Amino acid sequence: MDALSVIYEQVGSEEPFYRLVEFFYNGVEDSTVLRPLYPKDLSEAKSKLAKYLIYRMGGSQAYVQERGHPRMRARHMPFKIGMKERDAWLLAMNSALDQTEEFKPFRAELDAFFEHFATFMINQPD
Ligand code: HEM
């Protein structure tokens, strides 16, 4: 158990995770850096990110049942991710978190997690 895996229980349902992901992808749609990396239809990407976050924060295991071991770094290899992409991703996520009340009590842990994770996804120099 780590600090993240108790968040689902405290948030209490999946709905705020889906709302967070909608806000996040609004940011992706507005980003000239991020938008070209994602497929035209974002519905699968939304569902995968919501399920992953629910799983990582101690909720349903659906992500792993459907997609197998997360292998996140390997799954991001097809996309060119440098500092610029990392910063744009974090900006979209921070703005989504700002808009989703339910995550306010966990901001310190969440900010640290996303920053660490997004830096780990960097696979190319800018
Ligand atoms: C650092 C900048 C990042 C960029 C530019 C990026 C970009 C992408 C792209 C383009 C996809 C493919 C979407 C699709 O085709 O459906 C993807 C998938 C995904 N990303 Fe990221 N990502 C980043 C960081 C992160 C972080 C920090 C997380 C989680 C904390 C994350 C979680 C995911 C998940 C769960 C998937 C779906 C993987 C799968 O099951 O196929 N990403 N990402």
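Start at 1 and go down the list; that is how both ligands and their atoms are numbered. Values reported hereafter were calculated over all heavy atoms of this structure, with side chains retained and with hydrogens, waters and symmetry mates removed. Everything numeric in this text was worked out from a predicted model, so none of it was measured.
Annotation: atom 5 (C) of ligand 1 to nearest protein heavy atom, L37 CD1, 3.6 Å. Closest to atom 7 (C) of ligand 1 among all protein heavy atoms lies Y38 OH, 3.1 Å. Scanning all protein heavy atoms for the shortest distance to atom 1 (C) of ligand 1 gives A118 O, 3.6 Å.
The minimum heavy-atom distance between H69 and V64, with the atom names listed, is N-CG1, 4.4 Å.
Between the side chains of E115 and T119, no donor-acceptor pair is found at a separation under 3.5 Å.
Within the listing of ligand 1, atoms 39 (C), 40 (O), 41 (O) sit less than 4.0 angstrom from a heavy atom of R67. Taking a cut-off of under 4.0 Å to the non-hydrogen atoms of K48, the atoms of ligand 1 that pass are 14 (C), 16 (O), 37 (C), 39 (C), 40 (O), 41 (O). For ligand 1 and Y63, the ligand atoms under 4.0 Å from any heavy atom of the residue are 38 (C), 39 (C), 40 (O). Those atoms of ligand 1 with a heavy atom of F114 less than 4.0 angstrom away are 30 (C).
Ion pair E101/K104 flagged as a salt bridge, since at least one NZ, NE, NH1 or NH2 atom sits closer than 4.0 Å to an Asp/Glu carboxylate oxygen. At a threshold of 4.0 Å, the pair K48-E44 does not count as salt-bridged, since none of the basic side-chain nitrogens sits closer than that to a carboxylate oxygen.
Criterion: ILVMFWY side-chain heavy atoms under 4.5 Å apart, direct or through other members. Under it, F23 and I54 are not part of a common hydrophobic cluster. Cluster annotation: M93 is connected to F79 through the hydrophobic network of ILVMFWY side chains, with a link wherever side-chain heavy atoms come within less than 4.5 Å.
For the pair I7 and E102, the minimum side-chain heavy-atom distance is 4.5 Å or more. When side chains are defined from C-beta on, R73 counts as touching N123, because their heavy atoms get closer than 4.5 Å.
Proximity of I81 to ligand 1, defined as any heavy-atom pair under 4.0 Å, is confined to the side chain (atoms from C-beta onward). Of the heavy atoms in P39, only side-chain atoms (C-beta onward) come closer than 4.0 Å to ligand 1.
With sequence neighbours excluded, the residues that form a side-chain contact (heavy atoms from CB on, under 4.5 Å) with Q124 are K80.
Applying the 6.0 Å contact sphere to CZ of F103 captures more than 12 heavy atoms from other residues, nucleotides or ligands.
Sorted by chain and number, the protein atoms of type N, O or S within less than 2.8 Å of atom 21 (Fe) of ligand 1 are H76 NE2.
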